[in-house]
Amino acid sequence: MDTRQLGATGPVVSSIGLGCMPMSGIYGRAADEEGIDTIRRALDLGVTLLDTADVYGVGHNERLVGAAIRGRRDEVVLATKFGNVFEPGGARTGKIDGSPDYVRKACEASLQRLGVDHVDLYQQHRVDPDTPIEETVGALAELVEEGKVRHIGLSEARPPDIRRAAAVHPIASLQSEYSLLERGVEGEVLDTCDEFGIGFLAFSPLVRGLLGGSLTPDRELDESDVRATDGMFPRVGPGNLSANAELAATVREIAARSGASMAQVALAWLLSRRPWIVPIPGTKRTAYLEDNAGAAGLALTAEDEARLDGLSAAVSGPRYGGSGNNPDWISPPLRI
């Protein structure tokens with residue numbers, strides 16, 4: 001597996017990471033054993049970056065990741081996130097907390113669930129509108145000094161917040177949605193990352209299975225799968241899936257001609273954007289993991305890239321439904 005450095009000061013990671021959120025049931029039922037096997041297979045393949053969060057499965061995902069990496073901690077660049085507040089019993093409050101006291105409390109809880117003494121990349125999941133980001137990053141910097149956190153990251157932060165955060169402490173990475181069908185970070189966001197030497201983690205690079213070929217209009221989804229309705233992710237819900245599947249057909253055509261999979265084409269396109277972009281496709285299945293890992297060796301032609309570049313102009317539906325609060329972290333309160 002090729003490697004990339006996350007910005008000027010961040011860790012060196014595999015060029016393709018693994019998003020662990022699907023292992024906690026958001027896209028239908030998930031078995032802990034399958035998730036653990038997938039994580040261990042990732043390490044065997046040289047996929048070193050594992051991305052989780054305290055709110056995925058309300059702590060379940062961190063426990064699962066911790067179980068999977070036990071005895072192999074030195075092979076992992078372990079990334080987790082904080083900020084979305086939930087009650088001990090599993091109820092979600094809807095509050096985002098970046099206060100210094102909460103930062104420390106959340107970190108200690110994550111370390112305990114993960115069973116580790118430090119996190120390699122600790123990311124603010126969403127910016128707290130009620131706490132100056134300078135205070136949040138200041139608290140994170142204290143955790144770096146104490147050795148509990150190696151690098152600081154942000155998620156879904158906008159350029160003004162990124163600039164203010166970077167003035168307090170080096171920021172290793174920004175995590176936001178980026179794919180062939182979601183290009184909102186292009187321009188000011190990526191340019192700000194470039195200016196401050198910040199790496200970029202692209203989540204949902206396969207548009208929740210659509211560009212990987214696993215999600216099609218005729219697929220029957222489990223009732224616990226959030227993609228079964230238009231409520232959370234409208235682009236892959238019943239109202240827009242057929243239209244966006246027509247865009248995915250272009251990816252399928254290029255993949256067939258290239259002797260690659262759809263996922264590999266979509267991920268290779270992202271890898272070609274900038275040398276410090278690292279896609280983190282999420283999956284609970286070993287077969288999908290192995291397929292995704294092969295994207296690092298695929299080179300697209302200029303003609304193919306030009307065709308792919310135009311797909312986002314025709315995308316149907318918004319990124320998120322409801323209030324638009326970017327609820328990508330929501331998943332059932334499972335336990336491990």
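Keep in mind that what you see is a predicted model, and the values were worked out from it rather than measured.
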*For Leu300 and Glu305, work out which heavy atoms get closest and say how close.*
CB-CG, 3.8 Å
*How long is the gap from CG on Leu6 to CH2 on Trp276, to the nearest 0.5 Å?*
10.5 Å
*Does the Arg183 side chain pair with the main chain of Ala313, one donor and one acceptor, at a distance under 3.5 Å?*
no
*Might you confirm whether atom NZ of Lys105 has over 12 heavy atoms from other residues, nucleotides or ligands at distances under 6.0 Å?*
no
*Going through the checks in order, is the side-chain contact (heavy atoms from CB on, under 4.5 Å) test met by Met23 and Tyr56?*
CA-CA 9 Å; Met23 300 174 189; Tyr56 295 162; over 6 Å; no
*Below 4.0 angstrom, N of the basic side chain to O of the carboxylate: do Lys148 and Glu142 qualify?*
no
*Going by the side chain to side chain contact (heavy atoms under 4.5 Å, CB included) test, name the single residue among Leu49, Thr283, Asp51 that passes it with Leu18.*
Thr283
*Are Glu195 and Arg163 close enough, and set up right, to give a side-chain contact (heavy atoms from CB on, under 4.5 Å), and what steps lead you there?*
CA-CA 10 Å; Glu195 177 184 353; Arg163 293 174 181 277; 2.9 Å; yes
*Check whether the side chains of Thr38 and Thr286 place a donor and an acceptor atom closer than 3.5 Å, and report yes or no.*
yes
*Given side-chain contact (heavy atoms from CB on, under 4.5 Å), test Asp44 with Glu290 step by step and report yes or no.*
CA-CA 10 Å; Asp44 292 341; Glu290 293 174 340; over 6 Å; no
*Are Arg158 and Glu188 ion-paired here, with the side-chain N under 4.0 Å from a carboxylate O?*
no
*Heavy-atom distance under 4.5 Å between the side chains of Glu177 and Tyr320, does that happen here?*
yes
*Which atoms form the tightest heavy-atom contact between Ala139 and Pro100, and what is the distance?*
CB-CA, 3.7 Å
*Please report the closest heavy-atom contact between Ala141 and His169, naming both atoms and the distance.*
CB-CD2, 3.7 Å
_Spacing of Phe203 atom CZ and Ser176 atom OG [to the nearest 0.5 Å]_ = 6.0 Å
*Ignoring hydrogens and geometry, is there a side-chain-to-backbone donor-acceptor pair from Asn84 to Val55 under 3.5 Å?*
no
*Establish, from distance only, whether the side-chain atoms of Arg126 and Ser155 form a donor-acceptor pair under 3.5 Å.*
yes
*For the pair Arg235 (side chain) and Gly317 (backbone), establish whether a donor and an acceptor sit closer than 3.5 Å, ignoring hydrogens and angles.*
yes
*Check Asn240 against Ser316 and note the closest heavy-atom contact, atom names and distance.*
OD1-OG, 2.6 Å
*Are Thr80 and Glu62 linked by a side-chain donor-acceptor pair shorter than 3.5 Å?*
yes
*Hey, does Ile254 have a side-chain heavy atom less than 4.5 Å from the side chain of Val251?*
no
*Would you tell me whether Ser99 and Asp101 have side-chain atoms, one donor and one acceptor, within less than 3.5 Å of each other?*
no
*asked:* Rounded to the nearest 0.5 Å, what separates atom OG in Ser110 from atom CG in Leu78?
replied: 9.0 Å
*asked:* Looking at Asp128 and Gly98, would you say the former's side chain and the latter's main chain have a donor-acceptor pair under 3.5 Å?
replied: yes
*Is the cationic atom of Arg227 (NZ for Lys, CZ for Arg) positioned less than 6.0 Å from the six-membered ring centroid of Tyr27 and within 45 degrees of its normal?*
yes
*Between atom CZ of Arg104 and atom CD of Glu146, what is the distance when rounded to the nearest 0.5 Å?*
4.0 Å
_Within the structure provided, determine whether Val76 and Val116 are in side-chain contact (heavy-atom separation under 4.5 Å)._
no
*So, do Phe200 and Leu270 sit near enough that their side-chain heavy atoms are less than 4.5 Å apart?*
no
*Hey, is the main chain of Val77 close enough, under 3.5 Å, to the side chain of Thr48 for a donor-acceptor pair?*
no
*Rounded to the nearest 0.5 Å, what's the gap from CG on Leu174 to CG on Leu190? Could you check?*
8.0 Å
*asked:* Ignoring hydrogens, what is the shortest heavy-atom contact between Ala172 and His151? Give both atom names and the distance.
replied: CB-CB, 3.8 Å
*Any side chain to side chain donor-acceptor pair (under 3.5 Å) involving residues 245-268? Give me the pairs, sequence neighbours left out, ordered by first then second residue.*
Glu253-Arg307, Arg257-Asp304, Ser261-Asp291, Gln264-Asp291
*Flag yes if more than 12 heavy atoms outside Gln112 fall under 6.0 Å of its CD atom; otherwise flag no.*
no
*So, for Asn292 and Ala263, which heavy atoms are closest and what is the spacing to 0.1 Å?*
OD1-CB, 3.5 Å
*Would you mind reporting whether Leu201 and Leu121 have side-chain heavy atoms less than 4.5 Å apart?*
yes
*Chi angles and distances behind the side-chain contact (heavy atoms from CB on, under 4.5 Å) call for Ser312, Glu182*: CA-CA 6 Å; Ser312 63; Glu182 176 48 57; over 6 Å; no
*asked:* Taking the basic N atoms (NZ, or NE/NH1/NH2) and the acidic carboxylate oxygens, is any pair closer than 4.0 Å for Arg273 and Glu186?
replied: no
*Report yes or no: do His60 and Asp32 form a side-chain donor-acceptor pair below 3.5 Å?*
yes
*Assess the side chains of Ser24 and Asn61: does a donor N or O sit below 3.5 Å from an acceptor N or O?*
yes
*Side-chain contact, heavy-atom cut-off 4.5 Å: Val168 with Arg164?*
no
_Side chain Arg113, main chain Gly66, donor-acceptor under 3.5 Å_ = no
*Given the rule that I, L, V, M, F, W and Y join up when any side-chain heavy atoms are under 4.5 Å apart, are Leu267 and Tyr288 in one cluster?*
no
*Can you hop from Ile96 to Tyr122 via hydrophobic side chains spaced under 4.5 Å?*
no
_Could you tell me if the side chain of Ile162 sits less than 4.5 Å from the side chain of Leu154, heavy atoms only?_
yes
*Check for a donor-acceptor pair, side chain of Arg29 on one end and backbone N or O of Ser224 on the other, with a separation under 3.5 Å.*
no
*Are the side chains of Asn244 and Val207 in touch, meaning some heavy atoms are under 4.5 Å apart?*
no
*Going from CD1 on Ile39 to CG on Leu289, what distance comes out if it is rounded to the nearest 0.5 angstrom?*
10.0 Å
